Student: 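The structure under discussion is supplied below as structure tokens; questions concerning it will follow.
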Amino acid sequence: MTGLRYVYAVCRPLAAPLQAELTGVAGAPAKLLPHHGLIAVVSHVPERDFAEEPLRAHLEDLDWLAATARGHQQVIDALTAVTTPLPLRLGTVFRDDSGVRVMIEEREEVFLRTLERLQGRVEWGVKVYVEPTGQEETGGGEGTAGKPASGRDYLRQRRMKARAHEDTWQRAEQFAGRLHTLLSEHADAARFHAPQNSALSRASGQNVLNAAYLVPRAKSEEFVEIVDRTKGEEPGMRVELTGPWAAYSFVEPAAAEGAADTEAAGNAGRAGAEDADRTGEGVS
């Protein structure tokens with residue numbers, strides 16, 4: 001079959017088959033390419049879209065990028081249901097099967113080491129947002145809402161609003177710190193990500209914690225219950241839990257040449273909302 005090889009992930013031989021008629025990027029069926037005791041999960045994709053130059057141009061097209069990311073994540077999700085995959089970067093493309101096999105041989109040691117460390121584990125994402133309250137907007141005191149009667153009233157309202165804002169952020173940082181410490185105790189590893197830009201993520205409030213946790217599958221139910229108990233614990237704070245995902249955030253640096261861009265790449269596939277942050281491998 002002609003076409004380039006789009007590679008989703010590398011994993012160990014599967015104990016259970018992938019779901020029938022699983023399709024991924026560009027609607028192409030996902031195939032297994034075994035080599036040296038590992039399996040690359042691939043699709044055949046057209047050169048007119050995935051050769052180096054057209055791929056670079058497509059990465060500037062947010063609609064195309066979102067659709068491609070959804071197809072990519074659809075395959076990763078199916079793999080995560082039956083094994084522990086090492087997801088590769090969105091847009092990892094090779095000219096033919098031999099190119100994929102060479103990639104596996106070159107990275108075999110780090111792939112095996114990383115898969116061993118991630119075996120039986122999944123990634124959970126936890127975010128904490130500060131949601132503005134009426135007290136913060138008005139400065140908190142009675143009679144402070146509305147137009148100030150004088151310049152002195154105006155300055156007083158400004159000071160009170162600034163103090164309310166500072167108090168809210170101190171509470172948020174303390175709450176986020178306590179939550180992260182608690183969740184880290186119930187995870188094998190944790191990673192911080194940069195706070196999300198609300199304009200890009202379309203989430204309400206300001207993001208003060210954006211973290212990923214590597215959790216054994218067997219302990220995931222307990223982890224979820226811990227997060228659920230914190231929801232509503234602190235007024236004005238919203239806790240969001242996502243997952244379980246493939247362990248995007250916990251890939252070794254040496255494997256990250258072909259690995260997904262941490263949680264961001266996963267979010268693009270899962271929601272199609274953060275696709276502007278993705279980069280492609282190009283054709284190898």
Side-chain angles (χ1 to χ4, degrees), residues 3-45 50 55 68-94 96-97 99-125 212 214 217 243-270 275 278-284:
L4 302 175
R5 307 301 186 265
Y6 185 103
V7 187
Y8 301 91
V10 173
C11 58
R12 295 182 183 277
L14 304 183
L18 284 175
Q19 63 190 57
E21 301 179 357
L22 174 64
T23 60
V25 170
K31 305 290 185 182
L32 304 181
L33 178 62
H35 190 64
H36 278 208
L38 291 171
I39 290 177
V41 183
V42 306
S43 285
H44 293 251
V45 293
F50 289 89
L55 178 59
T68 300
R70 285 192 293 270
H72 179 100
Q73 189 61 34
Q74 183 167 293
V75 175
I76 298 299
D77 287 344
L79 282 171
T80 304
V82 297
T83 189
T84 300
L86 195 165
L88 300 192
R89 187 188 300 274
L90 186 74
T92 299
V93 182
F94 293 85
D96 50 30
D97 288 350
V100 179
R101 293 190 178 100
V102 169
M103 178 271 293
I104 291 177
E105 291 179 7
E106 290 177 345
R107 304 179 187 175
E108 182 176 8
E109 183 178 344
V110 70
F111 282 163
L112 289 170
R113 185 169 64 246
T114 303
L115 286 168
E116 179 67 26
R117 181 168 53 83
L118 301 181
Q119 183 65 35
R121 295 166 174 82
V122 291
E123 177 174 328
W124 291 91
L214 184 66
R217 287 180 186 272
W245 313 118
Y248 287 97
S249 301
F250 301 94
V251 176
E252 291 187 19
E257 292 180 27
D261 260 343
T262 65
E263 186 192 25
N267 284 345
R270 296 187 286 263
D275 29 278
R278 310 305 171 266
T279 56
E281 283 284 308
V283 180
S284 300

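Predicted model, so just to flag it, every value in this text is computed and none were measured.
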Student: Residues in side chain to side chain contact (heavy atoms under 4.5 Å, CB included) with Glu105, at least two apart?
Tutor: His35, His36
Student: Taking only residues two or more places apart in sequence, or in another chain, which ones meet Arg121 in a salt bridge (Lys or Arg N to Asp or Glu O under 4.0 Å)?
Tutor: Asp188
Student: Drop me the distance from Asp96's CG to His44's NE2, to the nearest 0.5 angstrom.
Tutor: 10.0 Å
Student: Could you measure the distance from the CG atom of Leu18 to the NZ atom of Lys31? Nearest 0.5 Å is fine.
Tutor: 10.5 Å
Student: Quick check against the 3.5 Å criterion: does Thr23 have a side-chain atom that pairs as donor or acceptor with the backbone of Pro29?
Tutor: no
Student: Let me confirm one number: the CZ-CG distance from Arg101 to Leu38, rounded to the nearest 0.5 Å.
Tutor: 13.0 Å
Student: Check whether any side-chain N or O of Tyr6 sits under 3.5 Å from a backbone N or O of Gly91 as a donor-acceptor pair, and report yes or no.
Tutor: yes
Student: Are any non-hydrogen side-chain atoms of Ile104 and Leu33 less than 4.5 angstrom apart?
Tutor: no
Student: Let's go through Ile76 and Tyr8 carefully: what are the C-alpha distance in whole Å and the side-chain angles of both, what is the deciding distance for side chain to side chain contact (heavy atoms under 4.5 Å, CB included) to 0.1 Å, and is it a yes or a no?
Tutor: CA-CA 7 Å; Ile76 298 299; Tyr8 301 91; 4.1 Å; yes
Student: Using every non-hydrogen atom in the two residues, find where Val25 and His72 come nearest and quote the distance to one decimal.
Tutor: CG2-N, 3.7 Å
Student: Just verifying a value: how many Å separate Arg107 CZ and Arg113 CZ, rounded to the nearest 0.5 Å?
Tutor: 13.5 Å
Student: Considering all heavy atoms of both residues, which atom of Gly37 and which atom of Pro13 are nearest to each other, and what is their separation?
Tutor: O-CD, 3.3 Å
Student: Give me the atom names and distance for the closest heavy-atom approach of Val100 to Ala40.
Tutor: CG1-CB, 3.6 Å
Student: Please step through side chain to side chain contact (heavy atoms under 4.5 Å, CB included) for the pair Ile39 and Thr83, ending with a clear verdict.
Tutor: CA-CA 11 Å; Ile39 290 177; Thr83 189; over 6 Å; no
Student: State, to 0.1 Å, how close Trp245 and Asp77 come at their nearest heavy-atom pair, and which atoms those are.
Tutor: CE3-OD1, 4.1 Å
Student: So, does Tyr248 use its side chain to make a donor-acceptor pair with the main chain of Glu123 at under 3.5 Å?
Tutor: no
Student: Distance from Leu55 atom CG to Leu90 atom CG, nearest 0.5 Å?
Tutor: 8.5 Å
Student: Would you mind listing every salt bridge (charged side-chain N to carboxylate O under 4.0 Å, His left out) that reaches into residues 6-24, with sequence neighbours excluded?
Tutor: Arg12-Glu116
Student: Can Val251 and Phe111 be said to form a side chain to side chain contact (heavy atoms under 4.5 Å, CB included), step by step?
Tutor: CA-CA 9 Å; Val251 176; Phe111 282 163; over 6 Å; no
Student: Please report the shortest heavy-atom distance between Phe50 and Thr68, naming the atom on each side.
Tutor: CE2-CG2, 4.5 Å
Student: Would Met103 and Leu88 count as a side chain to side chain contact (heavy atoms under 4.5 Å, CB included) if you check the C-alpha gap in whole Å, the side-chain angles of each, and the deciding distance to 0.1 Å?
Tutor: CA-CA 12 Å; Met103 178 271 293; Leu88 300 192; 4.0 Å; yes
Student: Answer yes or no: is there a side-chain heavy-atom contact under 4.5 Å between Cys11 and Thr84?
Tutor: no
Student: Please report the shortest heavy-atom distance between Thr114 and Phe250, naming the atom on each side.
Tutor: CG2-O, 4.5 Å
